[in-house]
Amino acid sequence: AQTLLRCVESIVRSRTGVEKYAEVVSATTMALFSVNPSLIASFYTFLLTHWPRGFSEKTVALIGFIENLLAASPPLYLTPFLKPVALQLFKRICRELLGSQLEISKRAAYFLQNYYIRNNYIAMDESISDVVKRTLTKGSGDGTERSSVVDHWNEVVASTCEKTFD
């Protein structure tokens, strides 16, 4: 299982692996998690550590990949040692939502719009809910100049979030 996970990680790390093979990689990763749940935390930590920088189709594909994984598995916050990982994932997605790259911001908005994610993560976990609410109303809150999503420069991103979280 460890070796197979390393193969999945190399596909994620490659230049176009996630975009081309998202469905296969998602299915393989879910199968690995069901065989060996102890790999979950290290895999999500790997994703956060190797997050693409700047605009890339890979970032958009990676957000979709994470959405598929989270929507197909029990909520991570239910397991105490996975709760910090889930929180870091949502912080990263919220940072991308506030970013200047339109396609990435739109994909992050659609991620947060996912029914399963809204009902099983945002609505059920207070710390994740606080991160998302802060992003939507006050901005990042991390000392940077980013404003809230309501004030996002792109109307599609702002209206998508406003409709979803009114």
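Worth knowing before you read on, the calculation uses all heavy atoms, side chains too, and leaves out hydrogens, waters and symmetry mates. All values derive from a computational prediction rather than experimental measurement.
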Legend entry - Any donor-acceptor N/O pair, Tyr121 side chain to Leu76 backbone, under 3.5 Å: yes
Legend entry - More than 12 heavy atoms from other groups under 6.0 Å of CE on Met124: no
Legend entry - Charged N-O contact under 4.0 Å between Glu103 and Arg107: no
Inset, instruction - For residues Asp125 and Pro75, determine if any side-chain heavy atom of one lies less than 4.5 Å from a side-chain heavy atom of the other. - result: no
Inset, instruction - Starting at CD1 of Ile93, measure out to CZ of Phe111 and round the result to the nearest 0.5 Å. - result: 4.5 Å
Legend entry - Rounded distance (nearest 0.5 Å) linking atom NZ of Lys106 with atom CD of Gln113: 12.0 Å
Legend entry - Heavy atoms from other residues, nucleotides or ligands near OH of Tyr115 exceed 12 (cutoff 6.0 Å): no
Legend entry - Gly64 backbone acceptor or donor facing Tyr110 side chain under 3.5 Å: no
Legend entry - Minimum side-chain heavy-atom gap Tyr116-Ser73 below 4.5 Å: no
Inset, instruction - Mind checking the CG-OG1 spacing from Asp130 to Thr135? Nearest 0.5 Å is all I need. - result: 10.5 Å
Inset, instruction - Check Ala41 against Thr45 and note the closest heavy-atom contact, atom names and distance. - result: O-OG1, 2.8 Å
Inset, instruction - Check whether any side-chain heavy atom of Leu87 sits under 4.5 Å from a side-chain heavy atom of Lys83, and report yes or no. - result: no
Legend entry - From Leu112 atom CG to Glu67 atom CD, the distance as rounded to the nearest 0.5 Å: 9.0 Å
Legend entry - Aromatic plane relationship, Phe43 with Phe65 - under 30° parallel, 30 to 60° tilted, over 60° perpendicular: perpendicular
Inset, instruction - Would you name the heavy atoms of Met30 and Ala72 that are closest together and state the gap between them? - result: CE-O, 3.4 Å
Inset, instruction - Spell out, as yes or no, whether a donor-acceptor pair under 3.5 Å connects the side chain of Ser105 to the backbone of Gln101. - result: yes
Inset, instruction - Decide yes or no for Phe90 and Ile66: does some side-chain heavy atom of the first lie under 4.5 Å from some side-chain heavy atom of the second? - result: no
Inset, instruction - Starting at CG of Leu32, measure out to CD1 of Ile40 and round the result to the nearest 0.5 Å. - result: 10.5 Å
Legend entry - Value rounded to 0.5 Å, distance of CG in Leu69 from CG in Leu47: 7.5 Å
